[in-house]
Amino acid sequence: MSAQTPFERIGGREVVEAIVEAFYDAVAEDAPLRALYPDDLTPSREKLTLFFEQWLGGEARYSERYGHPRLRRRHFPFVIAEHHAQLWLTHMRAALESQQVPQDEFDAMWGRLETLAHHMVNAHEDVPRDPLPEDAWLT
């Protein structure tokens, strides 16, 4: 019998989808953070769902559709300051808590999420700001 992945331990796709929905519901109401996102949050919701599924050890549907995540590069078009990372983390924490992610899984995820959020900060960097095409495949 193989060990379960974090994806399976938190409840699989259903829980990941619920986390992402709760997160984006909060983003939609947070003007400073909402300003970083496109008018239609549907593609963002889909991408985060696919990414989280893969990141937590589920199917690699994100990479199958978009190539390597390369999240920092994908976020270069957006000017992300430290306060944006903090807002993102606030809403993500609430979304995880809303789905009652088990504490040991929460703790394991949280450290990685904090690192990831701060890694996206690019406000004072000279990075390419041109948006990537919708069908961009990064390797």
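Side chains are part of it too, since the values below use all heavy atoms of this structure and drop only hydrogens, waters and symmetry mates. As the structure is a computational prediction, the values presented were derived from the model and not from experiment.
Judged by distance alone, with hydrogens and angles left aside, the side-chain atoms of Glu114 form no donor-acceptor pair with the main-chain N or O of Gly111 at under 3.5 Å. A donor-acceptor contact shorter than 3.5 Å links the side chain of Arg34 to the backbone of Asp39. Within the 3.5 Å criterion, the main-chain N or O of Arg61 finds no donor-acceptor partner in the side chain of Glu53.
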Go through Arg93 and Phe106 one step at a time and tell me if the side-chain contact (heavy atoms from CB on, under 4.5 Å) criterion holds. CA-CA 9 Å; Arg93 176 180 284 278; Phe106 178 94; 3.2 Å; yes

Assess the residue pair Arg129 and Val127 against the criterion (side-chain contact (heavy atoms from CB on, under 4.5 Å)); give the C-alpha distance rounded to whole Å, side-chain angles, the decisive distance to 0.1 Å, and a yes or no. CA-CA 6 Å; Arg129 298 291 182 185; Val127 297; 3.5 Å; yes

Could you please spell out the steps behind the side-chain contact (heavy atoms from CB on, under 4.5 Å) verdict for Val121 and His84? CA-CA 8 Å; Val121 173; His84 294 119; over 6 Å; no

Kindly indicate, with the supporting measurements, whether the criterion side-chain contact (heavy atoms from CB on, under 4.5 Å) is fulfilled by Arg72 and Asn122. CA-CA 9 Å; Arg72 185 161 161 74; Asn122 62 27; 4.1 Å; yes

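Summarising the geometry of Glu8 relative to Ala3, their closest heavy-atom pair is OE1-O, 4.3 Å, with the distance given to 0.1 Å. Counting all heavy atoms, side chain and backbone alike, Phe23 lies closest to Ala95 at N-CB, 3.6 Å. Ser98 and Ala22 get closest at one heavy-atom pair: OG-CB, 3.7 Å. Minimum interatomic distance between Ala117 and Trp88 (heavy atoms only, all atoms of both residues): CB-CE3, 4.0 Å. Of all non-hydrogen atoms in Ile10 and Val101, the two that sit nearest each other are CG2-CG1, 3.9 Å. Taking every heavy atom of both residues into account, Tyr62 and Lys47 meet most closely at CD1-O, 3.6 Å.
Under the 4.5 Å side-chain heavy-atom criterion for ILVMFWY residues, no single connected hydrophobic cluster contains both Leu50 and Leu132. Residues Phe51 and Met120 share a single hydrophobic cluster, defined by chaining ILVMFWY side chains whose heavy atoms lie under 4.5 Å apart. Leu41 and Leu71 end up in the same hydrophobic cluster when Ile, Leu, Val, Met, Phe, Trp and Tyr side chains are linked at under 4.5 Å. The same ILVMFWY cluster, assembled from side-chain heavy atoms under 4.5 Å apart, contains both Val20 and Leu36. Connection of Tyr24 to Leu116 is established within a shared hydrophobic cluster, with ILVMFWY side chains joined at heavy-atom distances below 4.5 Å, either directly or through further cluster members.
Annotation: side chain of Ile19 is not in contact with side chain of Glu21 (no heavy-atom distance under 4.5 Å). In this structure, the side chains of Gln54 and Val16 stay at 4.5 Å or more apart for every pair of heavy atoms. His75 places none of its side-chain heavy atoms less than 4.5 Å from the side chain of Arg70. Using a 4.5 Å heavy-atom threshold, the side chains of Tyr37 and Phe78 count as separate. Side-chain atoms of Arg13 and Glu59, non-hydrogen and from C-beta on, do get closer than 4.5 Å to each other.
By the 30° and 60° cut-offs, the orientation of the rings of Phe52 relative to Trp55 is parallel.
Atoms CD1 and NE2, from Ile80 and His118 in turn, are 12.5 Å apart once rounded to the nearest 0.5 Å. Expressed to the nearest 0.5 Å, how far NE2 of His119 lies from CZ of Arg112 amounts to 13.5 Å. The NE2 atom of His91 sits 5.5 Å away from the CG atom of Leu33 when rounded to the nearest 0.5 Å.
Annotation for Glu125: atom CD counts as buried by contact number, over 12 foreign heavy atoms lying within 6.0 Å. By the neighbour-count criterion of 12 heavy atoms within 6.0 Å, atom CD of Glu82 is densely surrounded, having more than that number from other residues, nucleotides or ligands.
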